[in-house]
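Please read the structure below before turning to the comments.
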2 protein chains.
Amino acid sequence: MQPATANLVFRALSDPTRRAIFEELTRQGEQTVHALTRFAGVSQPAVSKHLTVLKRAKLVRHRRDGRETHYRAQSEALEPMVDWLRLYSAFWHERFDRLEAVLERMEP
Amino acid sequence: MQPATANLVFRALSDPTRRAIFEELTRQGEQTVHALTRFAGVSQPAVSKHLTVLKRAKLVRHRRDGRETHYRAQSEALEPMVDWLRLYSAFWHERFDRLEAVLERMEP
DNA sequence: ACAAACCATAACCATTTGGTTATGGTTTGT
DNA sequence: ACAAACCATAACCAAATGGTTATGGTTTGT
């Protein structure tokens, strides 16, 4: 699957409610909209809209099962953000570079 | 210095113009507001406002020198974002963990 | 001395955003 | 069969956001 643009990912994760939903999906695994609504503390339509934004950034996938829709986090979509940090964080750059070098030596 | 909250950092970097300014400061080093204005393609007051947002997130520092103000990136402020990725990106978690382990073996 | 350069703030504006309630379409349980 | 549950979308609203022009305070060059 094509990765979403970095911009969509940064935008999607800039909202605390959306981050909380993504965090919850990461921690607890797949969840229905109903469960996420109880968790998020906002209305069900608000949750649905947040999930739509996360979906456009490829940060979540959904699976319909009867009348419920199950969402789960898709952490690979964070890659543009990780790549960005690698490029623009001088502080972390060295660490990442060493990671690359070491991993390549470990599994050629 | 106290790190800014993760929320401020995520918010500040969610805007493409602001990210571009931060990227430019990282690549080219210290810059005046004037130089950043030419670079950013928006008005000087717009740049000043973006710099204020970045400043609140501790992503930039400024230094007055006569009538000009020089800004520079402060990449350590990205740490909350890196920490967040470590916590919530299952995909990258393993890589980070291996980095930690390997680095510790390399320099005890 | 004074005009110009640099920057921040104020005042303003259109658009976006994050929330709400209302509604309707499927699906399920009884 | 039908009421209730689940979810998405529509319609709406207040507040936040990202931009603009206007203005004023320092500092610099002549």
Side-chain angles (χ1 to χ4, degrees), chain A residues 4-25 28-74 81, chain B residues 4-25 28-74 81:
Chain A
T5 69
N7 198 35
L8 283 176
V9 177
F10 276 92
R11 275 299 235 248
L13 295 176
S14 70
D15 179 76
T17 303
R18 231 143 37 212
R19 265 203 318 286
I21 289 174
F22 180 82
E23 292 166 7
E24 174 73 358
L25 288 174
Q28 309 291 341
E30 212 175 57
Q31 303 272 341
T32 67
V33 175
H34 187 62
L36 289 173
T37 298
R38 270 180 300 145
F39 166 77
V42 292
S43 68
Q44 175 264 312
V47 171
S48 278
K49 289 211 292 184
H50 283 311
L51 288 169
T52 299
V53 174
L54 291 169
K55 213 186 312 173
R56 262 187 281 137
K58 317 264 194 222
L59 286 163
V60 299
R61 303 183 64 172
H62 66 287
R63 165 178 77 80
R64 290 233 12 213
D65 178 25
R67 64 183 161 183
E68 21 189 46
T69 310
H70 298 258
Y71 281 84
R72 61 189 189 81
Q74 193 156 29
M81 189 173 261
Chain B
T5 68
N7 198 35
L8 283 176
V9 176
F10 275 92
R11 274 300 234 246
L13 294 176
S14 70
D15 179 75
T17 304
R18 230 143 38 211
R19 265 203 318 284
I21 290 174
F22 181 82
E23 292 166 8
E24 174 74 357
L25 288 174
Q28 309 290 341
E30 212 176 58
Q31 304 271 342
T32 67
V33 175
H34 186 62
L36 289 173
T37 298
R38 270 180 301 145
F39 166 78
V42 292
S43 68
Q44 174 265 312
V47 171
S48 277
K49 288 211 292 185
H50 283 310
L51 287 169
T52 299
V53 174
L54 291 169
K55 212 184 315 174
R56 261 187 281 137
K58 317 265 193 224
L59 286 163
V60 298
R61 304 184 63 170
H62 66 286
R63 164 177 77 79
R64 289 233 13 212
D65 176 27
R67 63 181 161 185
E68 21 189 45
T69 310
H70 299 258
Y71 281 84
R72 63 188 188 79
Q74 193 156 30
M81 189 175 262

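The sequence lines fix the lettering, A, B, ..., with proteins before strands; numbering per chain opens at 1. It should be emphasised that the depicted structure is a prediction, and the values quoted were computed from it without experimental measurement.
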Kindly say whether A/Leu13 contributes a backbone atom to a donor-acceptor pair with the side chain of A/Arg19 at under 3.5 angstrom? yes

Contact boundaries of DNA chain D with chain A (under 4.0 Å, heavy atoms), 5' to 3'? D/dA4 to D/dT9

Sequence neighbours excluded, which residues qualify as ring-ring contact (aromatic ring centres under 6.0 Å, His included) partners of B/His34? none

Kindly state which residues belonging to residues 10-18 of chain B come within less than 4.0 angstrom of DNA chain C, counting heavy atoms of the residue only, listed by number. none

Sorted by chain and residue number, the salt bridge (charged side-chain N to carboxylate O under 4.0 Å, His left out) partners of A/Glu30 (sequence neighbours excluded) come out as A/Arg63

Can you measure A/Leu8 atom CG to C/dT16 atom P for me and round it to whole angstrom units? 15 Å

For B/Ala73, side chain to side chain contact (heavy atoms under 4.5 Å, CB included) partners two or more places apart: B/Phe22, B/Leu25, B/Thr26

Under 3.5 Å, side-chain donor or acceptor atoms of residues 37-45 of chain A against the rest of the protein: list the pairs with distances, not counting sequence neighbours.
{"from": "A/Thr37", "atom 1": "OG1", "to": "A/Val33", "atom 2": "O", "distance (Å)": "2.8"}
{"from": "A/Ser43", "atom 1": "OG", "to": "A/Ala46", "atom 2": "N", "distance (Å)": "3.3"}
{"from": "A/Gln44", "atom 1": "NE2", "to": "A/Ser48", "atom 2": "OG", "distance (Å)": "3.2"}

With side chain to side chain contact (heavy atoms under 4.5 Å, CB included) as the test, would you mind laying out the steps for A/Phe10 and A/Met81 before giving the verdict? CA-CA 7 Å; A/Phe10 276 92; A/Met81 189 173 261; 3.7 Å; yes

Mapping B/Val33 and A/Val53 to their closest nucleotides on DNA chain C, which lands nearer the 5' end? B/Val33

Within residues 43-51 of chain B, which residues have any heavy atom lying less than 4.0 Å from an atom of DNA chain D? B/Ser43, B/Pro45, B/Ala46, B/Lys49, B/His50

Could you provide the dot-bracket string of DNA chain C, using ( ) for intrastrand pairs, [ ] for crossing pairs and | for bases paired to another strand, with Watson-Crick or G-U pairs below 3.5 Å? ||||||||||||||||||||||||||||||

Side chain to side chain donor-acceptor pair (under 3.5 Å) partners for A/Arg11, two or more places apart: none

Checking side chain to side chain contact (heavy atoms under 4.5 Å, CB included) between B/Ile21 and each of B/Leu51, B/Val60, B/Val53, B/Leu59, which is the one that passes? B/Leu51

Do any of residues 34-41 of chain B sit with a heavy atom less than 4.0 Å from DNA chain D, and if so which? none

Ignoring hydrogens, what is the shortest heavy-atom contact between B/Gln31 and B/Glu24? Give both atom names and the distance. NE2-OE2, 4.1 Å

